[in-house]
Amino acid sequence: MLSHKLPKTYQAEKIEDKIYQKWEKSGKFNPDNLNLPPQSPNFTMVLPPPNITDKLHMGHASMLAIEDLIIRFHRMRGYRTLWVPGTDHAAIATQNVVEKKLLQEKGLTRHDLGREKFLQEVWSFLNKTQKTILHQTRKMGASLDWSREAFTLDKQRQKAVAQMFVDMYQEGIIYQGERLVNWCPRCHSTLADDEIEYKPQKTFLYTFRYWKNFPIPIATTRPETKLGDIAVAVHPQDKRYKKYIGKIYKGNFCGNFLEIKIIADKKIDKNFGTGAVGVTPAHSTIDWELGEKHKLEIKKVINEKGEIHSFYKKFKHLSSQEARKKIIEELEQKGLLEKKEEIENNLSLCYRCGTSIEPLPSKQWFVSVDKPLKKLGGKSLKEKSIEMVQKNKIQFIPSRFRKRYFYWMENLHDWCISRQIWFGHRIPVWYHRKNKNKIYVNIHPPKDIQNWKQDPDVLDTWFSSGMWTFSTLGWPENFKNGKKLNDLKYFHPTQMLETGYEILTLWVSRMIMMSLFALQEIPFEKVYLHGMILDENGKKMSKSKGNGIDPLDMIKKYNTDAVRLSLLIGNTPGNDIRLSEDKIASFRNFTNKLWNIIKFSLLLINNDTEKIKKIDTTYYQLTLSDQWIIYEFKNLIQEVTKLLKIYNFSLAGEKLYNFTKHSLADWYLEIAKIERNKNVKKIILKNIEEDLLKLWHPFIPFITEYLWEIQKKKKLLMISNWPKNNKYDFLNKNNFLYSSLTFNKKNIYSKKEVEKNFNLIKEIIVNIRRIRKENNIPLGKKIDVFIQANIQDKKIISQETKIIKNLFTYVKEIKFIQKQPQNVKTIKQPITGKIILYVAIENALNTKEEIKRIEKELQSLIKFKNILNTKLANKDFIKKAPATIVKKEKEKLQEVTKKIKELKLYQKKLIQ
RNA sequence: GGACGAUUAGCUCAGCUGGUUAGAGCGCUUCUCUUACAAAGAAGAGGUCACUGGUUCGAAUCCAGUAUCGUCCACCA
């Protein structure tokens, strides 16, 4: 397409899908097709697999934008770059969604359907959602290697998970044991911690003694569980009870014989209740811990139906409420109840039915985190995982999350991996139907299957996602006799994991342990943690609140690149980000700006109408603005590369934005319309524009690839090389200009001079524009400008008169003068101490306004001068601050003093 | 209750290891269809960087405390 035929605005909807198809068809998302030299470094990342429960939300979009940026940046820098896609079966979450759906649509529970039919329902549900998610992922522009796509519950991963379980079992770190679970007596199922809702409620705290001579009164909100008490715990330093510690008391509590040991534990709060707790290990999490610590017997009081066990004859089959009432009555009768007070506490409820949860002990499978392992040099999973982070083998970005990681790991208990649901990885354990002690653990079912019964439970979803970095790379097939093969050899450990900080503990820590166990190596070198996406009011976006912005809607309304930018700029690692539609819209406007910048550059580059016949040296000169933009751009490459290397995407994006919009468009392109060295401009623009598209590509891949494509480039932008800043170095022989034309070296300034001189021209122009505006000089009206300057500056300014006259200033003539012009009405404006600008006006000067303005400027200058004066008057500053800074401050003072002097003269004259 | 973070222009946020008279985007005011872009350009207004101390020649930046908000963990007998 010819550049002048490009539409006025960027129309993304027509091109995005085509561009993505082109990328995908090229096969270059797959590192095997990149044709890299063998010694190229690797860069691997796994996509945190989204749950298949729902479509993508802004959080996913943010994750995809960040990760794709990292991936594209590395790919362009010549890394063997692999980004592995996939989805997560999310056992509990998915089962819940399908169960709810089933109930709503057909009025059925999973028990009505039975295990097999229910699982069929789940699979047909996930086949749909999975497709949607993968489609949406492509819409975001994610350059994932689809040939390696995985699902945490596909055949390959099922094999891996089963193998892992068997390996761990044989190693002796998977074991079966009792644990308290959150049991819903109504739903008849266990609940995960995040399925519990807490509700503040008022309840009674009862204070009583078990029997008359019992030495310590205890306080409880659940007297009925006291039937199972085995101990009373007090604080070791509690003076009231110290003397009883270690003693055992026997007696009758409401018709039951109890044997109560007095134990001491620091966890007990001396000031709560009586400072003494009756310990019921079977029905309270804290008591369970105390029970484990002090090796107490577990006596069950409440059964799975939420009723008192038949063992307690007086209360058998009563609900806990009824039993509580009866016990309190009995205590009152016997005069044992000492106090009854109303307190507020948190009640745990089942999120589904609102029934209050009963903690019950039950048999579960565990992974031991404390057992020393030979393969880890005698260290446990916990110790080794902590060590890897301590030794900086794994680094967190931002680093403060180390603390959270350590805190979590150090307090880690054995990991309960069995879940009483149907959807997920079935535990590869079979029990013999006749011989209950016979157990079969294998990745394959036993041959005489009719004699065996498989464990009904499935594995915690984190068990399979914890293996994600290596299960996606062909483990266990690719791991033979302790040696890594194929993909596993090339791509593991991965270089980076990018994920939300909220699953640092749940997922990241597990991945580290699983990888250490399976491969004796870390899963990733760096962990970049992004924040959450909040709505305009700072609330977490969620479906139930209805405050979410759908990324697909935004892509349709604006464009993908705009959505990506809004998620990348102004977003720093570990911090939450508020997103509003306005932000996306403003970045859509920017993509349009970029579109027009390239369109215009192409117009200038391809414009052959001005063929130069005569050899005129000015056509080949590098002007001040040329040198300025080259220095700016060189600097930009350097800075952006550096910032991206340290994962500061936001700042890198901002720098790119400022250069593109403000340096390039506002100044250089406007000047390019004016200056006559078109051949030089063409070369500069061509190079800068090409490399600018490269720098932008990881942020906004679609528009950049398209603008690349219309220039009929052979290679995809996606796989072209990252720009090098020495290409823009004047002293470097590889400088892009040397090969194209010869230029007069006399005109080349140092970077410092270029900056200083260009800023001077800018200042003059901006001040002329301002003065015109403030004095209501109509645009058509051309005016005279007078400049008072020394010889050096005069030379610079006179070289640039063309620009000063034509860049939205409407200047007729620039005249150099020695002192303030007489006979002409002018506005005076010192640009620096030495350069003074006079702008001629015809209308009567609004003296009052002008005096006011001068006064204001003077005030700020004087304020500045005072700051400098006090600084320089400080002897310690002169003595202790670096010489360069002292020198700088002195120069500043000189400058500002001169400016003040000039302004004061002007002010004096005006007042006269 | 414990841990961690945030507090900078009306709004959303940048400001790396201390040295700018404190920055951007949006919004606001004024002017302009100037042949890349009105989804634009030009000019401008707007901040004692939450508060109180400390370290330092020098603090938005480092340290301590206070207040408010947020997140995670534990949920208290």
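Proteins get letters first, then strands, A, B, ... in listed order; numbering begins at 1 in each. As the structure is a prediction and not an experimental result, all values here were calculated from the model.
On the P atoms, B:rA50 is 32 Å away from B:rG41, given to the nearest whole Å. B:rA67 sits 11 Å from B:rU52 when the C1' atoms are compared, rounded to a whole Å. A distance of about 31 Å separates the P atoms of B:rG2 and B:rC49, rounded to the whole Å. Comparing the C1' positions of B:rG25 and B:rA9 gives a spacing of 12 Å, expressed to the nearest Å. Between the C1' atoms of B:rA22 and B:rU8, the separation comes to 9 Å (whole Å). For the P atom pair drawn from B:rA14 and B:rA74, the interatomic distance equals 29 Å after rounding to whole Å.
In this structure, A:Tyr501 has its ring center at least 6.0 angstrom away from the ring center of A:Tyr405.
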Before giving the answer on salt bridge (Lys or Arg N to Asp or Glu O under 4.0 Å), spell out for A:Glu358 and A:Arg222 the whole-Å C-alpha distance, their side-chain angles and the decisive distance to 0.1 Å. CA-CA 11 Å; A:Glu358 207 56 70; A:Arg222 299 198 60 190; 2.8 Å; yes
Mind running side-chain hydrogen bond (donor to acceptor under 3.5 Å, both in side chains) on A:Thr591 and A:Asn559 for me, showing each step along the way? CA-CA 9 Å; A:Thr591 57; A:Asn559 63 57; 3.2 Å; yes
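With hydrogens and angles left out, the side chain of A:Glu670 and the base of B:rA36 share a donor-acceptor pair within 3.5 Å. Not a single donor-acceptor contact under 3.5 angstrom links the side-chain atoms of A:Lys892 to the base of B:rU21. Between the base of B:rA42 and the side chain of A:Arg769 there is no donor-acceptor pair shorter than 3.5 Å. Scanning atom types as modelled, no donor and acceptor separated by under 3.5 angstrom connect the side chain of A:Lys773 and the base of B:rC31.
Of the candidate nucleotides B:rC57, B:rA36, B:rG25, B:rG25 has the atom lying nearest to any side-chain atom of A:Tyr657. For A:Leu651, whose side chain is taken as the heavy atoms from C-beta onward, the closest listed nucleotide among B:rG44, B:rA14, B:rC57 is B:rA14. Of the candidate nucleotides B:rC76, B:rU34, B:rA77, B:rU34 has the atom nearest to the side chain of A:Tyr810. Here B:rG5 is the nucleotide among B:rA36, B:rC76, B:rG5 with the atom lying nearest to any side-chain atom of A:Asn575. If you check B:rA77, B:rG70, B:rG41 against the side chain of A:Val277, the one that comes closest is B:rA77. Among the nucleotides B:rG19, B:rA36, B:rC76, the one closest to any side-chain atom of A:Ala881 is B:rG19. Nearest to the side chain of A:Leu861, among B:rC76, B:rU21, B:rA24, sits B:rU21. Distances from the side chain of A:Lys871 to the nucleotides B:rU20, B:rU34, B:rC72 place B:rU20 closest. When the nucleotides B:rA36, B:rC13, B:rC57 are ranked by their closest atom to the side chain of A:Asn874, B:rC57 comes out on top.
Each of A:Lys880 and A:Leu506 lies near RNA chain B, and the nucleotide nearest A:Lys880 is the one positioned closer to the 5' end. Remark on RNA chain B: of its neighbouring residues A:Phe600 and A:Glu774, the 5'-side contact belongs to A:Phe600, judged by nearest-heavy-atom nucleotide.
Ring geometry for A:Tyr657 against A:His662 counts as perpendicular: the plane angle is over 60°, on a 0 to 90° scale with 30° as the lower cut. Aromatic ring orientation, A:Tyr210 versus A:Phe208: perpendicular (interplanar angle above 60°, classes split at 30° and 60°).
No donor-acceptor contact under 3.5 angstrom links the side chains of A:Trp288 and A:Thr280, judged on distance only.
Rounded to whole Å, the distance from OH on A:Tyr407 to P on B:rA3 is 8 Å.
Here A:Thr572 lies in heavy-atom contact (under 4.0 Å) with sugar-phosphate atoms only. In this structure, A:Lys593 reaches the bases: a heavy-atom distance under 4.0 Å links it to at least one base atom across the strands shown.
Stacking of the aromatic ring of A:Phe864 onto the base of B:rU21 is found: the ring centres lie under 5.5 Å apart and the planes are inclined by under 30°.
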